[in-house]
Peer 1: 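Below is a structure I'd like to ask you about.
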Protein chains: 2
Amino acid sequence: MAQHSVAQQAQRALEAHLLDGSWPVGVRLPAERALAETLGVSRNSLREAIFCLKARGLLVSKWGSGVFVTDRLQTAISSPWRQLVADHPDLRWDTLEFRREMEGATAHYAALRADKTDLKKIEGIIKRLTRAYETGEKNEEYKADADFHEAIAEASHNSMFLYLHAGILRMLREHISLNLMGMEDPSGKITDDLRRQHLGVWDAVRKHQPEAARQAMLAHIDFTRIELERRQG
Amino acid sequence: MAQHSVAQQAQRALEAHLLDGSWPVGVRLPAERALAETLGVSRNSLREAIFCLKARGLLVSKWGSGVFVTDRLQTAISSPWRQLVADHPDLRWDTLEFRREMEGATAHYAALRADKTDLKKIEGIIKRLTRAYETGEKNEEYKADADFHEAIAEASHNSMFLYLHAGILRMLREHISLNLMGMEDPSGKITDDLRRQHLGVWDAVRKHQPEAARQAMLAHIDFTRIELERRQG
DNA sequence: GCCTGAAAATTGGTAGTACCAATTATTTTT
DNA sequence: AAAAATAATTGGTACTACCAATTTTCAGGC
C-alpha cells in the first residue's frame, strides 16, 4: 500500500515538525521510544529516519541526553560531492589537487584571452579585495575572493572552465574557505600573503602572460593547501 | 574510542566502496546480513547507513532483490556537459582544452603514485594496444585506448580524477575517437604516431617521471586536436 | 536550609532474533 | 522443453535486551 517505506514516512513526519515550527531550533525531541510509539513505528525505523536527518545536519544527538534540533539553514542545500568531501577528509587532498590543476589552467587561458571588458571587471574586484583586506572585513573579503576566481574563469573564455567554476569548484572553494577563514592571523602575515598572491595572478593576466598566470595561481592554491595542512595534518 | 558512531563508520565504509570503484554503477551490494557481518556491525546499524545513502540517491533498494548502486555521482557531474556538448558542437575546442589539462594532470599524478599493480595493469593494456595496432583491429584498438586512459586515471590514486574520467572525460573521448577513428590512414603514419605517443606516456609513468608523463600526454592530446583540425577546420 | 554525592531513572547506541512480503533460483510436473 | 509449484534469498519491519553516558532524584551530612 504505502508508496514509501515506514522509515521514509517517519522522516517526513520529523521534517514536518521541523518545518512548521513545532520543534524550534535547539529544542529536545521526545525520547526515541516514546516518539516511535506516537508515530506508530518501531524504534528501528524511527532511528533510520533520525540518522538520515543527522547526516543532513538537521539534528544532533547527545549520548544519554537526547536528540536536538540544529540550525538547518547552513546545510539545507548540499551537493553529493559536498557530503562526500565532508565525510571523507582524506578526499580533501584529492579535490585540492583537482582545484590546483583547474584553477591553474583557467588562469593560463584567462591571461591568453582576457579582453578589455574582462580586465576592467577583474580590476574592480581587485579593488574590492584590497579594500576588504585593509578594513579587515572578512565577509566581504571572502565574497570578493570568490568573485575574483569566477571572473578569471569568465576571462578564460572557455565554457568548460566556466561551468566547472560555477559548480564543483565554487563548492570546493566554499568548503576550504570555511576552514581557512576562521583561523587566527594575529600578525596579518597570511592576509598579506593572500593579497600578494591575488595581485600576482592579476598582474600576469593583465600583461597577458599565460604561464606566469598559471604559476601565480598554482602558488596561490599551494599556499592555501599548506596552510590547511598546518592546521589539520 | 570511536569518535564516530558505528552507523557512521558503516556509512563511510560504504561510501569508500563507492568512491574507489570497487562497487561500480549498477552493481548489487552484498546482502544486508552478510555485509553487516563483514563490516562487523549489526544489521540495524548497517541499515541506518544504507537508509541515509538511499535518501541521498546514491543507492536504491528493491524489495526481495537487493541494494544497487545508482549513477547519481557520475550523472550529477557529467549531465550538464553532455547536454551542452550535444547542443553546441562548436564547444568541442573548449572541451579539448579541458581534456588536455585534465589528462595531463592525471598522467602527472599517475607517474607520481603508480604502484606495481597499476603498472602491471597498464602494461597489459599496452600489449593489447600494440597487438591491435599491428593487426589493424580498429575496434580493439579503440577499446584498449579507452582502457589505457582509465588505467592511468586509476593509477593517479585521486578519486576526483577517477570520477571525471569515468564520467565526462570518457564521453568526450568517445566523441573524439569516433571522429578520428573513421578516418583513412593509408600510409599508416597516424597509427604509428599514436602508438609512439602511448608508449611515451607509458614509459614516463613506468619510470615515475611526473612532468615527462604530463608532457607526453599533452603531446598526445595536441596531436589528436591537430588531426581533428586538419579534417574539420 | 543548603550543599554534596551516590544511587536510580532516563536516554541514545548497539546487537540480536523473529517474522513478513517480494523476488529469485530451484525443482517438480506436465 | 515449457510451465508451474516450491524452496531459498533478500529487503522491510518490529520487538527485546543490554550497554554507556547523562540527567534526575534523594538521602546524608554540615
Side-chain angles (χ1 to χ4, degrees), chain A residues 1-18 22-72 75 87, chain B residues 1-18 22-72:
Chain A
M1 290 309 102
Q3 281 294 71
H4 309 287
S5 68
V6 173
Q8 278 179 322
Q9 288 178 306
Q11 184 178 336
R12 295 277 172 180
L14 298 183
E15 288 171 346
H17 279 106
L18 295 176
S22 53
W23 290 346
V25 172
V27 84
R28 205 202 73 178
L29 269 60
E32 288 184 351
R33 293 165 178 81
L35 189 54
E37 191 174 6
T38 59
L39 292 180
V41 302
S42 73
R43 197 180 157 210
N44 273 356
S45 302
L46 174 61
R47 277 184 58 79
E48 289 180 5
I50 290 179
F51 185 80
C52 186
L53 293 178
K54 283 194 296 182
R56 277 167 55 190
L58 301 180
L59 300 176
V60 287
S61 57
K62 292 177 181 173
W63 243 28
S65 179
V67 180
F68 300 85
V69 182
T70 66
D71 183 2
R72 59 184 176 280
T75 53
D87 284 357
Chain B
M1 283 312 98
Q3 200 74 332
H4 310 286
S5 70
V6 173
Q8 276 179 324
Q9 288 177 308
Q11 183 179 337
R12 294 184 188 212
L14 299 183
E15 288 172 348
H17 278 106
L18 296 177
S22 53
W23 288 348
V25 172
V27 83
R28 207 201 70 178
L29 270 59
E32 289 184 351
R33 294 166 177 82
L35 188 54
E37 191 175 7
T38 59
L39 293 180
V41 303
S42 73
R43 198 183 155 208
N44 275 350
S45 302
L46 173 62
R47 276 184 57 80
E48 289 180 6
I50 290 179
F51 184 79
C52 184
L53 292 177
K54 283 193 297 181
R56 279 164 53 192
L58 301 180
L59 300 176
V60 288
S61 56
K62 293 178 182 173
W63 241 24
S65 179
V67 181
F68 300 84
V69 181
T70 67
D71 60 347
R72 172 92 183 261

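Computed from a predicted model, the values in this text were never measured in an experiment. Just so it is clear: chains get the letters A, B, ... in the order the sequence lines come, proteins before strands, and each one is counted from 1.
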Peer 1: What integer distance in Å separates B:Leu59:CG from D:dG12:C1'?
Peer 2: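 It works out to 16 Å between those atoms.
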Peer 1: Can you list the steps and then say if A:Gln9 with A:Val41 is a side chain to side chain contact (heavy atoms under 4.5 Å, CB included)?
Peer 2: CA-CA 9 Å; A:Gln9 288 178 306; A:Val41 302; over 6 Å; no
Peer 1: Can you tell which of A:Leu35, A:Thr38, A:Val6 makes a side chain to side chain contact (heavy atoms under 4.5 Å, CB included) with A:Leu46?
Peer 2: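 Result for side chain to side chain contact (heavy atoms under 4.5 Å, CB included) with A:Leu46: A:Leu35.
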Peer 1: What is the separation between atom CG on B:Asn44 and atom P on C:dC19, rounded to the nearest whole Å?
Peer 2: 17 Å
Peer 1: To the nearest Å, how far apart are A:Leu46 CG and D:dC15 C1'?
Peer 2: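 Taking CG of A:Leu46 and C1' of D:dC15, I get 14 Å after rounding.
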Peer 1: Within the sub-3.5 Å range, which N or O atoms of nucleotides 5-12 of chain C have a protein N or O partner, and how far apart are they?
Peer 2:
{"from": "C:dG12", "atom 1": "OP2", "to": "A:Glu32", "atom 2": "N", "distance (Å)": "2.8"}
{"from": "C:dG12", "atom 1": "N7", "to": "A:Arg33", "atom 2": "NH1", "distance (Å)": "3.0"}
{"from": "C:dG12", "atom 1": "O6", "to": "A:Arg33", "atom 2": "NH2", "distance (Å)": "2.9"}

Peer 1: Output side-chain donor-acceptor pairs under 3.5 Å for residues 22-31 of chain B, partner residues at least two apart or in another chain, one line each.
Peer 2:
{"from": "B:Ser22", "atom 1": "OG", "to": "B:His17", "atom 2": "O", "distance (Å)": "3.3"}
{"from": "B:Ser22", "atom 1": "OG", "to": "B:Asp20", "atom 2": "OD1", "distance (Å)": "2.8"}

Peer 1: Using atom types as modelled and distance alone, determine if a side-chain donor or acceptor of B:Thr70 lies under 3.5 Å from a backbone N or O of B:Gly57.
Peer 2: yes
Peer 1: Could you note down all residue pairs passing salt bridge (charged side-chain N to carboxylate O under 4.0 Å, His left out) where residues 61-70 of chain A supplies at least one of them, sequence neighbours left out?
Peer 2: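 Qualifying pairs: none.
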